[in-house]
Amino acid sequence: FYRLLGTELPLDNLENLLVLPLRDLLSAEDQLLEALPKLAEAASTPDLKRLFLNHLEETRIQKSRLHECLRLLHQDDSYETCAAMQGLIE
């Protein structure tokens, strides 16, 4: 079943059911960290640029929190690409 979801992490226990979305979110945050500076640079107004840069800082904090969650669960921070965020960015 887990391969239907596009993951190699078996969903056979509650810990994996928690770890999978954390890793997915980590992937999404990493993709945002790459996209937000480009969006800020292309912003048509100073206010829009400021909003993108503020969101960039929030994304850095969120990524740090996700790393901490995985560390507390004794999990590595490897992940597969979050297809949803990839689709939004493209």
Side-chain angles (χ1 to χ4, degrees):
F1 172 74
Y2 59 92
R3 289 204 173 107
L4 293 174
L5 296 175
T7 180
E8 293 298 318
L9 185 67
L11 302 177
D12 57 358
N13 61 61
L14 290 176
E15 184 173 344
N16 286 355
L17 288 173
L18 175 61
V19 168
L20 180 63
L22 290 174
R23 287 180 177 168
D24 198 48
L25 287 168
L26 186 59
S27 170
E29 300 296 349
D30 272 346
Q31 290 177 64
L32 270 177
L33 286 172
E34 287 185 32
L36 285 169
K38 295 173 189 172
L39 292 170
E41 187 66 32
S44 57
T45 67
D47 285 341
L48 185 57
K49 181 174 185 169
R50 180 181 47 78
L51 290 171
F52 281 132
L53 293 175
N54 286 347
H55 193 65
L56 179 63
E57 184 56 32
E58 291 171 9
T59 302
R60 286 184 181 121
I61 293 167
Q62 185 65 10
K63 179 181 175 184
S64 174
R65 289 177 179 151
L66 289 166
H67 279 290
E68 179 66 7
C69 289
L70 289 167
R71 185 190 68 76
L72 290 171
L73 292 168
H74 306 287
Q75 295 287 326
D76 64 49
D77 57 4
S78 64
Y79 57 78
E80 298 162 25
T81 300
C82 174
M85 182 58 72
Q86 186 177 32
L88 288 172
I89 291 173
E90 288 176 358

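Excluded from the calculations below are hydrogen atoms, water molecules and symmetry mates; all remaining heavy atoms, backbone and side chain alike, are included.
For residues 31-46, the pairs satisfying side chain to side chain donor-acceptor pair (under 3.5 Å) are S27-Q31, with sequence neighbours left out. The salt bridge (Lys or Arg N to Asp or Glu O under 4.0 Å) contacts involving residues 70-79 comprise R23-D76, E68-R71, where partners must be two or more places apart or lie in separate chains.
The two residues L32 and P37 come nearest to each other via the heavy atoms O-CD, 4.3 Å. Residues C82 and A28 share a closest heavy-atom pair of CB-N, 3.9 Å. In terms of heavy atoms, A43 sits closest to K49 at CB-N, 3.5 Å.
A distance of 12.5 Å separates CG of L51 from CG of L56, quoted to the nearest 0.5 Å. Summarising the geometry, atom CG belonging to L26 is positioned 5.5 Å from atom OH belonging to Y79; distances are rounded to the nearest 0.5 Å. Remark: L18 CG to Q75 CD distance equals 8.5 Å, nearest 0.5 Å. Taken from CG in L33 to CD in E29, the straight-line distance is 7.0 Å, to the nearest 0.5 Å.
Residue L14 qualifies as open at atom CG: its count of foreign heavy atoms under 6.0 Å is 12 or below.
Contacts of A35 classified as side-chain contact (heavy atoms from CB on, under 4.5 Å), with partners at least two apart in sequence or in another chain: I89. Qualifying side chain to side chain donor-acceptor pair (under 3.5 Å) partners for D24, counting only residues two or more places apart in sequence or in other chains: none. Looking at residues two or more places apart in sequence or on another chain, you find a side-chain contact (heavy atoms from CB on, under 4.5 Å) between L25 and L66. Residues passing the side-chain contact (heavy atoms from CB on, under 4.5 Å) test with E57, sequence neighbours excluded: R60, I61.
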Discussion item. With side chain to side chain contact (heavy atoms under 4.5 Å, CB included) as the criterion, how do D30 and M85 come out once you've worked through the C-alpha distance, each side chain's angles and the decisive distance to 0.1 Å?
Written reply: CA-CA 10 Å; D30 272 346; M85 182 58 72; over 6 Å; no
